[in-house]
Amino acid sequence: MSFFTDLAHQYIDGEWRTGSGSWDIIDFNPYNGEKLAAITVASVDEVDEAYLAAERAQPAWAASSAYRRRDVLERALRITQDREDEIVEAIIDELGGTRLKAAYEVHLAKEFLREAMQTAVRPEGRILPSPVEGKENRVYRLPVGVVGVISPFNFPFLVTLKSVAPALALGNAVVIKPNQNTPVVGGGLIAKIFEDAGLPAGLLNVLITDIAEIGDALIEHRVPKVISFAGSDKVGRHVAAVAASHFKRAVLELSGNSALVVLDDADLDYAVDAAVFSRFVYQGQVCMAANRILVDRSVEAEFTEKFVAKVRSLVTGDPADSRTHIGPVINTFQADSLTALVEQALAEGATALVQGSTRGNLVEPTVLSGLAADSPVLAQEIFGPVVLLIPFDGEEEAVRMANDSPYGLSGAVHTGNLERGVRFAKRVETGMIHVNDSTVQDDPQVAFGGEKFSGLGRLNGESAVEAFTTQKWISVQHGRTDFPF
């Protein structure tokens, strides 16, 4: 309990503070309803203070040695390693992540910190030729200045660090607004790690607040040059519009409706394992999760039998229990929404091959088949343990069905012929797709992002450098230019 009480504060200019807003965010454990902390929200004035602190601190940080910045990130990695068990427990308590999910999130976060250490020394300038005699063109890659990071509840530690770590490594300052369901794991915890790692005050600030209190102040403020947002496409659309109206760059990781495709020559046992993980990891509350399992009709019966049997074997319950596969969804609103979605699909004529019950925030798995081709359920993101099984006849229909979605974040295809899988993958309109694997993948060095309504821009590796730096052209005339007048 003291862990949450200690870190459940605003963190502005190196100080842990109580917000001055007009109401409190109550941080609950979604499994047992335990109150973890109460946090008075940050006001518009505190948004201004955080951004001004970042603006003051950033120039000296940018001017410092890239190796000094790398040293801070290295210490942050060591602290994360030393406190790994504590962080895992916090993820279980605050967001209802299973023990397996929590360990996976921390493992990936450490890898991204390692990558950020290299990012600090990665940016390279260029010298380009000119048609003008005696002129040298230098292109410098410089930090953008201050980055605003708005993070989600589902992987708050990892997804926040995916922006924060490279942005700091590249010489920027950062202001984080964590999701109000995960204010500590997505905010205070990260601030504490970097504070203990010796990051100078002002370079990382955390504002626990909500649009109901501050409106669009976090995006509209004059200081941040880039807004990195992860969340729903509905909110992302608004973030993009406000950012664009203020000439700010937006990096958006948004909703998904990923398809995992099982071709007629797939290893069905392996495909079942991949499909179950792709749908049900962290209760299906993952943007990359496989909403739709598309199966060639020639293997549909065998795949369905094995898939349903494996889904029935999943244990729903206490996320702290290592035997649990599926813990609680994040809140009652989400649980009720999932129940309504299943009822809608059944009313439209779908068949429940597995129909789980809902107990509080615990939502057991549901497997639906027989949906009408025009069912709206097929086109939307399902953020929970509900999956759609859909047969197809041949590759052409599989490609058409996979692309029949407003989203394009992730995907997977299973086949006994790897090159057939690659050819298929190239035809799917998605930012990421994986041959003979899960739809849920993240690699610190590989461009991460979506197409269509699933986002704008990319993160990870060189893409993070592109996201959090700007290019500046400085020409040098070594001789004399002949002017026409």
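A side-chain N or O of Asp48 and one of His221 form a donor-acceptor pair less than 3.5 Å apart. For the 3.5 Å distance criterion, the side chains of Asp24 and Thr40 qualify, holding a donor opposite an acceptor. In this model, a donor atom of one side chain and an acceptor atom of the other lie less than 3.5 Å apart for Asp216 and His238. Judged purely by distance below 3.5 Å, without hydrogens or angles, the side chains of Ser410 and Thr439 never pair a donor atom with an acceptor atom. Residues Asn361 and Tyr31 bring no donor and acceptor atom of their side chains to less than 3.5 Å of each other. Checking Glu195 against Tyr11 by side-chain atom types alone, a donor-acceptor pair falls below 3.5 Å. With hydrogens and angles left out, the side-chain atoms of Ser357 and Glu364 include a donor and acceptor closer than 3.5 Å. With 3.5 Å as the limit, one finds a donor-acceptor pair spanning the side chains of Trp23 and Glu213.
A cation-pi arrangement is present between Arg237 and Phe453, with the terminal nitrogen or guanidinium carbon under 6.0 Å from the aromatic centre and inside a 45° cone about the axis. Seen from the ring of Phe28, Lys35 does not count as a face-on cation partner, given the 6.0 Å and 45° thresholds. A cation-pi arrangement is absent between Lys452 and Tyr407, since the terminal nitrogen or guanidinium carbon is not both under 6.0 Å from the aromatic centre and inside a 45° cone about the axis.
Aromatic rings of Phe280 and His325 (six-membered ring for Trp) have centroids beyond the 6.0 Å cut-off, not under it.
Smallest separation of non-hydrogen atoms from His414 and Ala266: O-CB, 3.4 Å.
When the side chain to side chain contact (heavy atoms under 4.5 Å, CB included) test is applied to Arg458, the partners found at least two apart in sequence or on another chain are Ala447, Glu451, Ser463. In this structure, the side chain to side chain contact (heavy atoms under 4.5 Å, CB included) partners of Val281, at least two apart in sequence or on a different chain, are Phe277, Val286, Val440.
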Please tabulate, one pair per line, all N/O donor-acceptor pairs under 3.5 Å involving side-chain atoms of residues 145-158, not counting sequence neighbours.
from   : atom 1 : to     : atom 2 : distance (Å)
Ser151 : OG     : Thr160 : OG1    : 3.0
Asn154 : ND2    : Gln285 : O      : 3.0

Stepwise, does the side-chain contact (heavy atoms from CB on, under 4.5 Å) test hold for Arg292 with Ser258? CA-CA 6 Å; Arg292 299 169 294 153; Ser258 299; over 6 Å; no
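Rounded to the nearest 0.5 Å, atoms CD (Gln180) and CD1 (Ile26) are 10.5 Å apart.
A donor-acceptor contact shorter than 3.5 Å links the side chain of Glu46 to the backbone of Ser43.
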